[in-house]
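These values consider heavy atoms only, across backbone and side chains, with no hydrogens, waters or symmetry-generated copies. Here is how names work: the chains are called A, B, and so on, in the same order as the sequence lines, proteins then strands, and each is numbered from 1.
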Amino acid sequence: MSSIGTGYDLSVTTFSPDGRVFQIEYAAKAVDNSGTVIGIKCKDGIVLGVEKLISSKMMLAGSNRRIHSVHRHSGLAVAGLAADGRQIVARAKSEATNYEKTYGEPIPVKELADRVASYVHLCTLYWWLRPFGCGVILGGYDRDGPQLYMVEPSGISYRYFGAAMGKGRQAAKTEIEKLKLSEMTCREGVIEVAKIIYGVHDEAKDKAFELELSWVCDESNRQHQKVPDDLLNEAITAAKAALEEMDAD
Amino acid sequence: MENKLSGFGLDPTGVERRTFLEEGESSPKQSLYSLSLSASLYLACFHLLSLKLGFILLLLSIYKMDLDLSAPHSTGTTIIGVTYNGGVVLGADSRTSTGMYVANRASDKITELTDNVYVCRSGSAADTQVISDYVRYFLHQHTIQLGQPATVKVAANLVRLLSYQNKNMLQAGVIVGGWDKYEGGQIYSVPLGGTILRQPFSIGGSGSSYLYGFFDQAWKEDMTHEEAEQLVVKAASLAMARDGASGGVVRTVTINAEGVTRKFYGGDTLPLWHDELEPTNSLLDLLSSSVPEPMST
């Protein structure tokens, strides 16, 4: 799969003879090597989940958040280089506040996704900038209902009902496709996301990880927030149980 | 509403007026000019025309409100916006005044911003026209970006941002009304300082002073379209009867899920109130009658 673009991969402003921009593809590789990030759209909201790989035992639990709130009604989960992700989040927050200041209403999620995608794409147009080494999954609940978007380092943005990026994305996507999302509430969705993340986590390669979950749904009053602790614990227990069941087979 | 600030312009004497004179003020030099003008005018009129006409012109000049054709056009006005079950009805009179002269007796004060949002304009005609033009432009771009019609709230917010941020230079009191699929019919009032306030109904302009009590009594929630339209026309005609700066015809615009409907109520279709005279088609009708009818008290 991986090809070396000898000579055509030195700058993001260079095309290869077969029409590829290698720098962008390399940026996507940075995303592929990070912990899995999943987002699903249930019938009453969005659930975002991140497999946060812990690099040191001395790290405080709950630090280095990978899921950020952009606005009251939407959240961003970051996969890839965390510092790059912070930049995107800052920009998204700024776009959201600006929009509300000018137009007097919260930014529609579609518009926010467009703006984030434009910003990410911007950095692939100039030789003196490097592309963002991170992709984001944006989930929000506005007056048109819950919506889920994924923005890749190339600047592509699509709307999804289930999206995954990072190490375990192939396996995660397969799992998500098995779910009946249109009939699922977010409460159930949280449990499912936890199961998937525990399922795709590779015990051999990466030892410890922390599960970060957030949602925005009717139950959370259409606000984006961390999943409440009791539900989080319930999800983790269910996920571990499911894993053992699989192992037992 | 008469304009407080007078702009540059040549008055009948040919002297350039100072800007930013308060309504009714004039520099000593200017009043001397106007006094001398009126005096000479009076004398001329006394000799050439009837005594009456000269006297009237003299009175006009001495009385603070000059027959000043270069005063800024203001929409001394009555504007009304009401919500009903299913949409909104916007109504306005049609008088644009320049001082005491009616510059346009059939003006259209209800302006389109988008297919589903209209504004009623009061205050300085120029100011409100420019604001409408800007907001129409911004909304057009916003609609393209969004891919669907803009909401009434967004339109009203854009109007008030312009109004608030330029409050020192503008005199514009508007009522933004429209319909969108999320909130249905809405009315937003954006008066002089740039406040924005959503209300079930709103009134504005100089003629509105006479309507506060009327609406307190006559307004009710969830009217039908016919009731709302009757209410607006009745209110407008009441205000036009009492406010010198409002008059002419009544125009209404109804906005709902089906679209926009414009209606026109000519002077002869409007109700008369308490001692008002019947509108006549032409002065010639009066003059052509051989025996003038005695005036009734």
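Interatomic distance, NZ of B/K181 versus CZ of A/R143, reported as 8.0 Å (0.5 Å rounding).
Counting heavy atoms from C-beta on, the side chains of A/E100 and B/N157 never come closer than 4.5 Å. Side-chain contact between A/K110 and B/L146 is absent, with no heavy-atom pair separated by less than 4.5 Å. For the pair B/F138 and A/T102, the minimum side-chain heavy-atom distance is 4.5 Å or more.
Atom CH2 of A/W127 has 12 or fewer heavy atoms from other residues, nucleotides or ligands within 6.0 Å. Within a 6.0 Å radius of CD in B/Q217, other residues, nucleotides and ligands contribute 12 heavy atoms or fewer. At most 12 heavy atoms of other shown residues, nucleotides or ligands fall within 6.0 angstrom of atom CZ in A/F15. The neighbour count for B/R262 CZ, taken as heavy atoms of other residues, nucleotides or ligands under 6.0 Å away, is above 12. In B/Y137, the OH atom is not crowded: 12 or fewer heavy atoms of neighbouring residues, nucleotides or ligands sit closer than 6.0 Å. At most 12 non-hydrogen atoms from other residues, nucleotides or ligands lie less than 6.0 angstrom from CZ of A/F161.
Interface remark: B/Q148 contributes side-chain atoms only to the contact with chain A (heavy atom separation under 4.5 Å). The contact between B/L161 and chain A is made entirely by side chain atoms (from C-beta outward), counting heavy-atom distances below 4.5 Å.
The aromatic rings of A/Y103 and B/H142 sit parallel to each other, their planes meeting at less than 30°, with 60° as the upper class boundary.
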